[in-house]
Amino acid sequence: MIAPDPQFLDTLRQIAGPAHVLCEGDLSAYTQDWRKRAQGKALAVVRPASASEVAAIVKACAAASVSLVPQGGNTGLAVGSVPDASGTQVVLSLQRMNAVRALDAANLTLTVEAGCILQSVQEAAEKAGFLFPLSLAAEGSCTLGGNLATNAGGTQVLRYGNARDLCLGLEVVTAQGEIWHGLSGLRKDNTGYDLRNLLIGSEGTLGIITAATLKLFPRPAARLTAWAAVPSMQAAVDLLGLAHQHLGAGLTGFEVMGQFALSLVDKHFAQLRVPLFKDAPWCVLLENSDHESEAHARAQFERLLETALDQGCVSDAVVAENLGQAKALWHIRESIPLAQAEEGLNIKHDISIPVSRIPDFVAQTDALLATEIAGVRLVNFGHLGDGNLHYNVQAPEGSDAKAFLREQEERVNTLVYDAVARFDGSISAEHGVGSLKTDKLPTYKSAVALSLMRAIKQALDPQGTFNPGRVVRL
Ligand code: FAD
């Protein structure tokens, strides 16, 4: 990229309004990532209010050979939403584009702009008597555009699918500054290549999502939550099989949490009162949604847990008595990443493995890390129902965590990712590639897949205007 024309910033001001082109002052909310892994520098942060403003900004950037980093809530965990350190990139913040455009109750769809906060989307659906099921711990600040750009997962994937499964249409600004109006809301459309699914999960490298049409669902009559102590990871997988049999489509969430992960919540947030973890290597959080009644859901849950106790895959369990208790249990699960941050710097892995192979993966990889790097502490938790683990590594107790990361991060990553590859898994289950894993793809993704991905990037964004260096390099 060459230095921008001096008129360039004036052009941006004409498009978005001078108040929405930020160049000075503390811009760290836009330039530093959520985990504080990267501090970039922006030429400007631009905050457009409409798709046509986004299109004009893209054209101006392309004409000036300035690259753009799309940004929603900046809660991404793969360092894909902040500019690099060059000071030559523009951050395109979608946060002002937060309108709910339309609700079509008969079509079960909601059309929202990309900057809508996920929680506001859930609330808009609820107000109209429906459910929008995407749910993750960052829902109070992440945006729908970011959720789609990363194909976010979260805690309800088991039943409703990930962000891709919840989207029926997109409005997108292309690298040429054109607007693709694809907000059809159709459930069937076989007229050629699926552009919507190509754009979803592309992490801002192929187009700017400006609005989306989302699927709505009937609200379940009851949602029940249980917390179970299990004697091993194999027992957790057996419990998952039983839960599928007993709850059928009602099985909505199935989270696993290792004892050390829960001990960090107990240590740093003692007021949350973590149940049953002291005598069990793993705990499981299950959710059952029911369209009949709470009594029906409770009876189903009780039968499941009795069978599991009989078969020895659960050693103890509690079922939440009311919504308040259920929320408190989920709050414990969602506090694990925060407790981990309180404990100090750590190395995160967001991996997926076929569910049936997870017990062997965990046993072998735990043993390997313990042998190779003395004293490492494993903070293992995740969406077991989806085969997705957050297999995180904390520095040895009392050690200098910064130095540990500096000296060991690359080695730990190689040990874990090589193990993931041996088990036919993925090195990014839901957080994406961003900057953190771009250099890992040539090792862990097939050469054919990578060359197809490069061809797509080259075709859609030949100038490299959108989020260059992320996901694939040209
Ligand atoms: P950003 O962080 O702003 O951007 C993420 C990526 O999307 C970047 O590459 C950016 O360039 C691109 N992008 C953003 N908006 C657009 C747009 N409109 N058009 C094109 N590209 C765009 N993720 C999960 O999947 N599951 C979880 O359970 C989960 N839990 C989390 C818990 C915590 C506490 C935190 C902090 C994060 C968690 N995340 C989780 C990660 C993160 O919240 C998700 O990736 C989320 O979808 C990002 O949304 P965002 O609006 O913050 O996007």
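Counting starts at 1 for both ligands and their atoms, following the listed order. Atoms considered below: every heavy atom in the structure, side chains included; atoms not considered: hydrogens, waters and symmetry mates. Just so it is clear, the model here is predicted, and its values are computed rather than measured.
No donor-acceptor contact under 3.5 angstrom links the side chains of Asp33 and Asn74, judged on distance only. Side-chain atoms of Asn413 and His349 form a donor-acceptor pair, as typed in the model, at a separation below 3.5 Å.
Atom CZ of Arg187 has more than 12 heavy atoms from other residues, nucleotides or ligands within 6.0 Å. Surrounding NZ of Lys445 are at most 12 heavy atoms belonging to other residues, nucleotides or ligands under 6.0 Å away.
The backbone N or O of Asp461 sits nowhere less than 3.5 Å from a side-chain atom of Thr465 that would complete a donor-acceptor pair.
Listed as neighbours of ligand 1 are Trp34, Pro70, Gln71, Gly72, Gly73, Asn74, Thr75, Gly76, Leu77, Gly80, Ser81, Leu94, Ala114, Leu136, Ala137, Ala138, Cys142, Thr143, Gly145, Gly146, Asn147, Ala149, Thr150, Ala152, Gly153, Gly154, Glu203, Gly204, Gly207, Ile208, Ile209, His383, Glu430, His431, Asn467, each bearing a heavy atom under 4.0 Å from the ligand.
Ring orientation note: the planes of Phe381 and His390 are tilted relative to one another, at an angle of 30° to 60°.
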